[in-house]
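Encoded as structure tokens, the structure appears first; notes follow it.
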Amino acid sequence: MEHKFDAVIIGAGGAGLYAALEVSTKARTAVVSKLYPIRSHTGAAQGGIGAALGSVEEDKPEWHAFDTVKGGDYLTDQNAAVILAEEAVRAVYDLENKGLPFNRTPTGRIDQRKFGGHTRNFGESAVRRACYAADRTGHMILQTLYQQCIKNNVAFYNEFQVMDVIIQGNTCTGIVAYDLSEGEIHTFQAKCVLFATGGCGRMYRITSNAHANTGDGPAILARAGIPLEDMEFFQFHPTGIRGLGILITEGVRGEGGILRNRKGERFMEKYAPKLLDLAPRDMIARAIRTEIIDGRGIQGNRSIDDYIFLDATHLGKELLESKLPDIVDFTRTYLNIDPVESPIPVHPTAHYAMGGIPTDTQSRVVIDDKGTAVEGLFAAGECACVSVHGANRLGTNSLVDLIVFGRRAGQEMARFIAQSAFTPLKKGSADKTKQRIHTLRDRKKGQDPGMIRKEMQKIMTEKMGIFRSKSQMKKAEKALNDLRHLYQNVYTGDKNIKFNSNLLEIFELGNLLDLAYITTSCALNRTESRGAHSRDDYPERNDEQWLQHTLARLMGDKVEISYKHVDISIWEPKPRKY
Ligand SMILES: Cc1cc2nc3c(=O)[nH]c(=O)nc-3n(C[C@H](O)[C@H](O)[C@H](O)COP(=O)(O)OP(=O)(O)OC[C@H]3O[C@@H](n4cnc5c(N)ncnc54)[C@H](O)[C@@H]3O)c2cc1C
């Protein structure tokens with residue numbers, strides 16, 4: 001089946017819906033999503049969206065931009081960070097005007113709380129910058145945006161999984177998607193396409209990410225020859241529920257929660273004397289792992305599954321149940337522990353990809369250091385790399401990224417549509433996709449996808465975690481490539497046409513494998529430690545050689561690496577102390 005729209009947006013999370021809202025006022029717009037929109041992972045975002053509103057104390061966008069740059073260990077593009085921080089303020093009021101029920105101060109202003117790495121006056125002390133709706137901020141954003149998109153007559157294709165992009169010459173002309181309910185292939189012709197497909201945390205065994213976070217967008221584009229940026233930087237959130245990885249928001253520490261080791265010590269005093277439990281995530285995740293490796297985890301067995309305590313008992317029942325109701329509920333439900341009375345067992349959980357599809361500040365996909373754009377191709381949200389998060393994202397900055405750069409994407413797409421014509425699709429644009437599906441369905445025997453997935457997640461967790469070493473990464477790179485070869489002969493016993501979710505999970509596994517492989521190759525290549533990328537053989541940051549973005553192109557079994565400059569036009573890189 002064939003469809004034709006001015007704009008096609010892949011993904012109905014915060015980034016996709018905000019872009020859809022903007023572009024749909026001017027052009028015929030479709031959103032294609034493998035999930036029902038309000039099940040998108042943005043709905044899981046808990047703690048808040050950062051903006052220097054200054055509702056409860058003095059704050060400035062300039063301070064927010066600086067914190068973002070420093071938090072990103074100076075790999076953040078500073079021009080992009082300034083846009084993020086300045087436009088965040090308007091974005092939050094915009095969401096409020098669209099109906100988002102933020103928590104309020106007693107005088108009726110939007111309430112704000114502290115979050116890791118956000119400070120007043122260039123690092124003086126923690127500042128209250130995160131605007132929040134209890135611990136359901138992302139859920140409220142999704143509901144608000146989805147309602148507005150319905151009002152704007154955006155056409156939604158739900159439970160349609162995009163399998164391929166169509167790029168002719170240097171122009172993106174559409175996409176190929178699989179309709180889960182009917183098992184049919186659909187081609188969408190478009191003047192422009194936005195990828196807003198979210199994260200890829202499912203590369204890891206313990207993650208805060210939902211099952212659908214399989215990096216489809218970056219993987220599809222990598223196979224189409226588009227390089228990916230800074231994939232070596234993957235964030236571990238310090239506080240996932242022990243053994244499960246489900247997130248306990250930084251908002252708990254923002255409200256005063258304290259991390260403690262088996263001796264009951266507030267160990268962050270050693271690692272970040274000023275910001276303590278509100279230091280950036282990369283530092284806290286390393287501190288927790290160090291405590292565990294040194295035998296001060298709660299079990300004391302130094303294993304990867306050991307944990308520490310997040311103590312919120314002193315905050316009181318009323319505060320916990322009113323400002324962090326989901327966290328209280330998760331802890332009671334999944335651990336049978338009441339956080340009002342007992343500390344929460346937590347350890348770092350794979351959380352967020354700083355890298356992704358390279359874009360400029362108008363969300364256009366660019367493929368080299370000169371900023372060469374692919375006509376009609378855009379990306380925004382977690383799958384993109386603009387790069388505002390550099391080597392380590394600050395909490396609350398992803399939701400801002402979605403809204404600010406989702407909006408910019410929508411505006412730029414509308415401009416692009418007004419001055420471009422449709423490019424006729426070349427014949428057989430969907431043939432390759434159809435062939436892949438037939439080959440998989442027709443295969444009589446082959447490799448078990450479950451085994452491949454389990455092995456990939458084990459390799460990534462054990463060898464590509466918070467601390468990395470050359471020998472472990474080399475082993476990971478080889479093992480992942482071997483799995484990619486096994487995957488060529490993957491098998492499913494489910495031959496159904498309708499609702500064949502096995503087939504789509506196999507497709508997602510292929511995406512994760514490619515991204516895990518690229519991530520590992522990029523990490524091996526970067527011989528320094530910066531932000532979330534910490535190597536024991538190169539423990540220092542090396543600005544002389546490495547103050548540059550990685551661009552990685554997947555060429556079969558090889559990952560070809562080139563570089564892109566970092567914008568450091570405002571603040572000179574300095575050692576990072578908190
Ligand atoms: C538990 C948790 C809590 C968080 N809390 C915060 C917070 O408090 N503050 C903050 O700033 N950040 C937070 N984050 C991070 C933030 O929520 C995410 O980075 C962000 O929501 C991602 O939004 P997105 O629009 O890029 O993608 P998503 O919301 O993940 O949406 C992706 C969309 O793409 C679609 N899609 C994917 N692949 C395909 C395909 N092949 N075909 C069709 N559709 C496809 C999906 O259906 C979905 O609609 C949190 C993350 C987690 C996991």
Side-chain angles (χ1 to χ4, degrees), residues 8-20 31-51 88 113 115-116 130-133 135-139 141-142 145-146 156-165 175-180 188 194-202 207-210 212-220 235 237 239-241 245-251 254 281 326-327 330 349-354 356-357 379-384 389 393-403 405-406 409 504 507-508 511:
V8 168
I9 289 166
I10 312 166
L17 290 184
Y18 215 105
V31 171
V32 181
S33 174
K34 69 179 179 182
L35 301 174
Y36 185 71
I38 49 175
R39 290 188 59 224
S40 300
H41 207 56
T42 296
Q46 301 169 350
I49 174 167
R113 62 180 162 213
F115 243 76
C131 315
Y132 63 99
D135 51 2
R136 297 168 184 148
T137 314
H139 175 82
I141 289 179
L142 269 191
L145 295 179
Y146 185 50
F156 279 93
Y157 292 83
N158 300 332
E159 300 195 327
F160 272 58
Q161 188 146 334
V162 175
M163 309 280 285
D164 277 307
V165 63
I175 53 154
V176 184
Y178 182 92
D179 169 13
L180 179 64
F188 290 78
L194 171 77
F195 278 77
T197 52
C200 55
R202 284 279 147 184
T207 175
S208 63
N209 284 204
N213 284 19
T214 52
D216 300 357
I220 289 169
Q235 177 168 87
H237 192 294
T239 57
I241 289 183
I246 295 170
L247 200 76
I248 300 293
T249 174
E250 204 166 305
R281 290 174 179 174
D326 275 359
I327 295 308
F330 292 167
T349 181
H351 185 60
Y352 185 88
M354 268 72 73
I357 306 160
E382 187 170 340
C383 73
H389 309 305
R393 173 174 75 80
L394 291 188
T396 77
N397 267 358
S398 172
L399 293 180
V400 195
D401 179 3
L402 310 183
I403 303 304
F405 292 99
L504 294 178
F507 165 71
E508 291 172 339
N511 294 335

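Atoms within each ligand, like the ligands themselves, are counted from 1 in listed order.
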Quick one: side chain to side chain contact (heavy atoms under 4.5 Å, CB included) partners of [X], sequence neighbours excluded?
{"X": "D164", "answer": "V176, T433, R436"}
{"X": "A350", "answer": "Y204, T207, F234, F236"}
{"X": "A212", "answer": "K34, L35"}

Flag side-chain contact, heavy atom, 4.5 Å: F188 against Y157: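 Side-chain contact under 4.5 Å: yes.
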Expected output: side-chain T197 to main-chain D216 donor-acceptor under 3.5 Å: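 Side chain of T197 to backbone of D216, a donor-acceptor pair under 3.5 Å: no, none is there.
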Sub-6.0 Å ring centroid separation between F507 and Y178: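 F507 vs Y178: aromatic centres not under 6.0 Å.
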Compile the protein residues with any heavy atom at a distance under 4.0 Å from an atom of ligand 1; present them by chain, then by number.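 These residues qualify: I10, G11, A12, G13, G14, A15, V32, S33, K34, L35, S40, H41, T42, A44, A45, Q46, G47, G48, F160, Q161, V162, A196, T197, G198, S208, N209, D216, L247, H351, Y352, G381, E382, R393, T396, N397, S398, L399, L402.
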